Every structure is written in structure tokens, then in C-alpha cells.
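Encoded as C-alpha cells, the structure appears first; notes follow it.
All heavy atoms count here, side chains included; hydrogens, waters and symmetry mates do not. Values in this document were obtained by computation on a predicted structure and should not be read as measured data. Along the sequence shown, residues are numbered consecutively beginning with 1.
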Amino acid sequence: QVQLVESGGGYVQAGSSLSLSCAASVRTDYSYTMAWFRQAPGQEREFVAAIAWSGAITHYVDSVKERFTISRDNAKNTVYLQMNKLKPEDTAVYYCAARARGGRFSAADLYDYWGQGTQVTVSS
């Protein structure tokens with residue numbers, strides 16, 4: 001069983017930066033793909049970014065490319081999401097997710113473990 005705990009959310013103005021962290025209860029380097037999803041009020045959960053267990057492969061939704069960076073520190077069992085140039089449309093609850101199996105990075109139903117979420121609010 002993997003437990004994930006997100007932190008780092010907050011309320012910021014457009015153009016600002018935030019860094020999210022996701023601490024895992026077990027070692028995440030062994031075959032776990034880690035990802036961030038987000039869900040805005042009244043909308044479906046949306047894929048944001050993913051990183052393979054080695055850290056060598058990353059994948060982003062088009063709307064955050066060049067602004068967000070996903071990274072991982074396997075020694076600390078932690079995954080990060082650095083968010084720059086934030087926009088009001090980035091406002092959502094951000095969830096960390098983990099999976100041990102392969103498949104499309106953006107497929108939420110392939111992730112086995114989820115955190116409780118952290119709120120990010122960007123004002124215009």
C-alpha cells in the first residue's frame with residue numbers, strides 16, 4: 001500500500017510560482033510512475049504531468065508545457081511539481097498519483113494510489 005501526501009498549495013496572483021510536493025510512504029523508485037492531476041470545480045479530473053520511475057521520461061498536458069516542471073527525488077520518496085507563470089485557469093485541486101503498471105501516462109484509471117489533494121488558487 002502506498003500513501004501519498006501533497007503539500008505546497010496556496011493562493012497566488014497570476015504570473016506567480018508555486019511548488020507542490022508529494023511525499024510517498026514507501027520507496028517510489030521501484031517501477032512507480034508518478035503523476036499530477038487536477039480537478040477544477042464542476043470539471044472532470046485532468047492529467048497535468050507524469051514522470052517515469054527513472055526520471056528520464058516526463059509527459060505534460062499541452063496547457064502547462066513550458067510553465068510546469070515535474071521532478072522526483074527517489075532518495076526522499078518525493079515528487080515535485082514546479083509551477084511558473086500561473087494563470088487563473090490553473091486553479092484546481094491538485095492530486096498526486098502513483099502506479100506500478102505501464103500504459104498511457106494521462107490515463108487516470110491506470111493509477112492505483114492517490115493523495116488527498118492540495119488546493120491551488122490563482123487570482124487574476
Side-chain angles (χ1 to χ4, degrees):
Q1 184 74 15
V2 177
Q3 292 183 329
L4 305 173
V5 179
E6 303 97 334
S7 60
Y11 182 98
V12 297
Q13 292 187 333
S16 299
S17 298
L18 273 177
S19 181
L20 305 183
S21 298
C22 172
S25 59
V26 295
R27 285 180 60 177
T28 60
D29 58 325
Y30 185 67
S31 299
Y32 280 103
T33 291
M34 304 295 294
W36 288 95
F37 288 76
R38 65 187 179 187
Q39 188 167 20
Q43 297 187 23
E44 294 187 353
R45 191 166 295 190
E46 175 191 33
F47 169 78
V48 177
I51 186 167
W53 68 273
S54 68
I57 300 173
T58 57
H59 184 63
Y60 299 90
V61 66
D62 286 347
S63 61
V64 308
K65 286 180 179 177
E66 309 302 326
R67 298 190 299 123
F68 291 10
T69 302
I70 189 171
S71 61
R72 64 194 297 165
D73 185 339
N74 290 334
K76 296 182 178 179
N77 297 338
T78 302
V79 175
Y80 305 96
L81 185 67
Q82 178 64 41
M83 305 184 294
N84 299 327
K85 301 179 182 179
L86 283 161
K87 304 176 181 180
E89 50 264 44
D90 294 319
T91 295
V93 177
Y94 283 71
Y95 297 91
C96 178
R99 72 181 197 204
R101 46 184 159 168
R104 195 161 43 94
F105 280 139
S106 60
D109 58 353
L110 294 181
Y111 288 84
D112 302 302
Y113 307 102
W114 293 83
Q116 81 290 349
T118 185
Q119 177 71 47
V120 172
T121 303
V122 184
S123 64
S124 57

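The shortest distance between side-chain heavy atoms of R45 and Y95 falls below 4.5 Å. Within the 4.5 Å cutoff, no side-chain heavy atoms of I51 are placed close to those of F105. Taking the side chain as every heavy atom from C-beta outward, M83 and V64 never approach each other to under 4.5 Å. Here the side chains of R101 and L110 are in contact, with some heavy-atom distance below 4.5 Å. When side chains are defined from C-beta on, W36 counts as touching C96, because their heavy atoms get closer than 4.5 Å.
Pairing each heavy atom of Y11 with each of S123, the nearest pair is OH-CB, 3.3 Å. Closest non-hydrogen pair, T78 versus S21, comes out as CG2-CB, 4.3 Å. The nearest pair of heavy atoms linking L4 to A24 is CD2-CB, 3.8 Å. The two atoms that bring Q13 and S16 nearest to each other are O-OG, 2.9 Å, heavy atoms only. Taking both residues in full, the closest heavy atoms of S17 and N84 are given as OG-OD1, 2.9 Å, listed atom of the first, atom of the second, then distance. Smallest separation of non-hydrogen atoms from R72 and A52: NH1-O, 2.8 Å.
Going from atom OG1 of T33 over to atom CH2 of W53 covers 10.0 Å, rounded to the nearest 0.5 Å. Rounded to the nearest 0.5 angstrom, E6 CD and L81 CG are separated by 11.0 Å. Atom CZ in F68 sits 8.0 Å away from atom CG in L20 (nearest 0.5 Å).
By the 30° and 60° cut-offs, the orientation of the rings of Y111 relative to F37 is perpendicular.
Heavy-atom contacts from other residues, nucleotides or ligands closer than 6.0 Å to CD of Q116 number more than 12.
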Kindly list each side-chain donor-acceptor pair under 3.5 angstrom involving residues 85-93, sequence neighbours excluded, with atom names and distances?
from: D90; atom 1: OD1; to: R38; atom 2: NH1; distance (Å): 3.0
from: D90; atom 1: OD1; to: R67; atom 2: NH2; distance (Å): 3.0
from: D90; atom 1: OD2; to: R67; atom 2: NH1; distance (Å): 2.8
from: D90; atom 1: OD2; to: R67; atom 2: NH2; distance (Å): 3.4
from: D90; atom 1: OD2; to: K87; atom 2: N; distance (Å): 2.8
from: T91; atom 1: OG1; to: P88; atom 2: O; distance (Å): 2.9
from: T91; atom 1: OG1; to: V122; atom 2: N; distance (Å): 2.9
from: T91; atom 1: OG1; to: V122; atom 2: O; distance (Å): 3.4

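With Y80 contributing its side chain and D73 its backbone, the two residues share no donor-acceptor pair below 3.5 Å.
By the rule that hydrophobic residues join a cluster once side-chain heavy atoms approach within less than 4.5 Å of another member, I57 and Y60 end up as members of one cluster.
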